Amino acid sequence: MTPTTAPECITVRTEGRVGIVTLNRPKQLNALNNQLMDELGAALKAFDADDDIGCMILTGSEKAFAAGADIGAMASYTFADVYKGDYITRNWETIRSIRKPVIGAVSGFALGGGCELAMMCDFIIAADNAKFGQPEIKLGIIPGAGGTQRLPRAVGKSKAMDMVLTARMMDATEAERAGLVSRVVPLEKLMDEALGAALIICGFSLPSVMAAKESVNRAFEGSLSDGVMFERRIFHALFATADQKEGMDAFVNKRKAEFKHQ
Ligand code: HXC
């Protein structure tokens with residue numbers, strides 16, 4: 001469902017060529033329900049289709065990126081409800097179809113579906129108060145938005161099993177050490193850091209940025225030789241772009257490249 005009215009569970013703004021989506025259900029620590037996920041999907045798709053946007057940031061509040069799927073909403077669901085309604089698959093994974101980069105700027109709790117949503121971003125910059133966890137086991141369920149698959153790929157089997165089976169949280173320092181997040185910064189610097197990274201990305205040729213994202217994502221599907229072949233073909237194809245000529249000419253002539261995103 002694409003909302004026709006202004007979103008209620010998120011706020012959306014731009015900063016130069018950066019599209020910023022902020023999860024906004026503060027009373028529920030940004031617990032994720034279907035309305036929020038519909039609104040988030042629509043906002044990300046709109047930015048993806050907008051030629052004036054080169055990169056996106058997804059963030060929450062200081063206290064919570066998102067404390068998980070909305071437990072109150074889920075509590076009465078039956079198997080028939082979630083199976084027939086295609087819960088999660090129907091609208092939670094829109095972010096996976098976004099072709100421009102999405103940076104997760106995470107402060108506070110990123111638990112359950114919140115941790116899974118953060119892991120669906122292309123990379124995570126964490127504030128020093130961030131806490132990651134997959135505590136679903138305490139509710140008699142398991143992670144259901146990719147956590148059992150993305151967490152081991154990010155941090156290895158042992159740590160992923162530890163977190164999924166014991167429900168313990170990982171702080172920002174441990175998350176950086178384990179490779180779950182790319183950088184940790186003081187809380188008050190989080191948005192500056194994320195915006196700085198996003199603006200750098202926006203300065204590059206958009207086709208090469210999109211191709212780089214697509215190629216790195218191939219590392220998580222299929223074999224190494226298929227992934228390397230995919231990368232090689234995309235690499236070759238980028239020699240057809242005007243931005244490749246511009247980027248290399250700028251280097252050779254010791255000037256700044258002016259990319260046209262084509
Ligand atoms: C609904 C939630 C919520 C959630 C917090 N709240 N998490 N509501 N769903 N996931 C609500 C609380 O009920 C409370 O509402 C308000 O937010 C503030 O939370 P408190 O618990 O009072 O805050 P605090 O003591 O600081 O504890 C923070 C917390 C705790 C550690 C994050 O709230 C917590 O454990 N939350 C649940 C985390 C969790 O289990 N996540 C996984 C969900 S399952 P009131 O009205 O009382 O003020 C999941 C499935 C994923 O994500 C698979 C499919 C996507």
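Numbering of ligands and ligand atoms starts at 1, following listing order. If you're wondering where the values come from, they're calculated on a predicted model, not measured in any experiment.
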Where is the nearest protein heavy atom to atom 53 (C) of ligand 1: which residue, which atom, and how far?
Gly144 N, 3.3 Å
Shortest reach to atom 36 (N) of ligand 1 by a heavy atom, considering only Gly72, Cys115, Ala67
Ala67
Taking atom 26 (O) of ligand 1 as the point of reference, which of Met37, Lys63, Met74, Arg25 owns the nearest heavy atom?
Lys63
Tell me the nearest of Leu139, Asn33, Ile141 to atom 43 (C) of ligand 1, using heavy-atom distances.
Leu139
The answer for which part of Lys27 has a heavy atom under 4.0 Å from ligand 1 is backbone
Given Gln134, Gln28, Lys131, which has its nearest heavy atom closest to atom 2 (C) of ligand 1?
Gln28
CZ (Phe235) with more than 12 external heavy atoms under 6.0 Å:
no
Would you say Tyr87 contacts ligand 1, with heavy atoms under 4.0 Å as the rule?
no
Counting only heavy atoms closer than 4.0 Å, does ligand 1 sit against the backbone of Ala31, its side chain, both, or neither?
side chain
What atoms in ligand 1 come closer than 4.0 Å to a heavy atom of Leu111?
32 (C), 38 (C)
Distance-only donor-acceptor pairs under 3.5 Å for side chains of residues 51-62, two or more places apart:
from, atom 1, to, atom 2, distance (Å)
Thr59, OG1, Ala105, O, 2.8
Ser61, OG, Lys63, N, 3.4
Ser61, OG, Ala64, N, 3.0
Ser61, OG, Ala64, O, 3.1

Qualifying side-chain hydrogen bond (donor to acceptor under 3.5 Å, both in side chains) pairs, either residue in residues 180-201, two or more places apart:
Arg183-Glu193
Residue and atom name of the nearest protein heavy atom (relative to atom 33 (O) of ligand 1), distance in Å to one decimal
Leu29 CD1, 3.8 Å
